[in-house]
Amino acid sequence: MKVHYIHQLPVKIELFKSIQESLSKKVDLTTTLNTNNFKYIAGVDIAYWLDEGIEWGICSIIIIDSVTLKVIEKAFSSGKVTVPYIPGYLAFRELPLIIETVKKLTIAPDLYMFDGNGYLHPLRMGIATHASFFVHKPTIGIAKSYFKVNDAYFEIPKNEVGAFENITIGNEVLGRALRSHKDVRPIFISCGNFIDLDTATEFTLSLINKDSRLPIPVRIADLETKRIRKLLIAKTE
DNA sequence: GCGACAG
DNA sequence: ATCTTGTCGC
């Protein structure tokens, strides 16, 4: 049985340096919270595969125009993944490839949507929140399944499109279970950073189509990630 | 010892 | 996340 120690993860130093840099910058919230400026929305996802016992990952970021809903940019990065998946520490595993991919973007997204949680997290610091310190933009977390936080409570949302229930601990709202399709399991929305939950919900719902319960940017990033993985595996063999 | 566990 | 065929339904 292999034991992993978080404090020895190779990405730790880099992560904290970036957070320090980010905190010393001034973020203009009046600009970032003006939803009229949310024109370009990015979806981020990673797919994995094993090659001779070594784990590889391919990150895909796609940007859509929130008006036309068309993809206007795609960026990819692939590489070895050395950090294991540990519930609660997803960011340490996925951020290195994500950051590498963000650097390749020629268009700056106004909002990032991540596969996973933001504030809905035991330390209120899921991947969407963690990532905001690198991208310096509003971020939200979209999780396909519920990640249990101690003492958190919520009701199952009604079976209607747009129905939601807040996930709370006392008066604190961590996120919400949102029904993006009728007769389909809800998704779990939470703030990453620089955005409020109502706005996050509004944008999520506005980017849902009949193809998926996930918003378009995350959905397309997921498809792209698997398409590229197939190409990379074929190239190796 | 057993179950839970974002991706 | 990943391993995987058909199948039910719109």
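Keep in mind that this is a model prediction, so the values were computed, not measured. Letters A, B, ... are given to chains in the order of the sequence lines, protein chains preceding strands, and every chain is numbered from 1.
A:Lys226 comes within contact range of the sugar-phosphate backbone alone, with a heavy-atom separation under 4.0 Å but no base atom that close. Using a 4.0 Å heavy-atom cutoff across all strands shown, A:Gly141 reaches no nucleic acid atom at all. A:Ile46 comes within 4.0 angstrom of no nucleic acid atom, judged by non-hydrogen atoms across all strands. In this structure, A:Tyr85 reaches the bases: a heavy-atom distance under 4.0 Å links it to at least one base atom across the strands shown. Within the nucleic acid shown, A:Asn117 comes within 4.0 Å of at least one base atom, counting heavy atoms only. A:Phe188 comes within contact range of no nucleotide atom at all, as no heavy-atom separation falls under 4.0 Å. Backbone-only contact: A:Lys144 has heavy atoms under 4.0 Å from sugar-phosphate atoms and none from a base.
For an aromatic pair to be called close, the ring centres must be under 6.0 Å apart, and A:Phe194 with A:His136 fails this.
Taking atom NE2 of residue A:His130 and atom C1' of nucleotide B:dA6, one finds them 15 Å apart after rounding to whole Å. Rounded to whole Å, the distance from CD on A:Glu55 to C1' on C:dT2 is 10 Å. Protein atom CD1 of A:Ile142 is 12 Å distant from nucleotide atom C1' of B:dA6, rounded to whole Å. Note: OH (A:Tyr48) to P (C:dA1) measures 10 Å, nearest angstrom. Here the C1' atom of nucleotide B:dG3 and the CZ atom of A:Phe147 are 15 Å apart, to the nearest Å. Summarising the geometry, the separation between CH2 on A:Trp49 and C1' on C:dA1 is reported as 13 Å, rounded to the nearest angstrom. One atom, CZ of A:Arg93, and another, P of B:dG7, lie 13 Å apart when rounded to the nearest Å. Rounded to whole angstrom, the span from the NZ atom of A:Lys230 across to the C1' atom of C:dT2 amounts to 15 Å.
Close to B:dG7, at under 4.0 Å from its OP1 or OP2, lies a side-chain N or O of A:Ser145.
Looking at heavy atoms from C-beta onward, A:Arg213 lies in side-chain contact with A:Arg185 at the 4.5 angstrom threshold. The side-chain heavy atoms of A:Thr168 and A:Phe154, taken from C-beta on, include no pair separated by under 4.5 Å.
Ion pairing between a basic and an acidic side chain is recognised when a charged N comes within 4.0 Å of a carboxylate O; A:Arg219 and A:Glu224 show no such pairing. Ion pairing between A:Lys39 and A:Asp65 holds under the 4.0 Å rule for side-chain N and carboxylate O.
B:dC5 and C:dT2 have their C1' atoms separated by 16 Å, given to the nearest Å.
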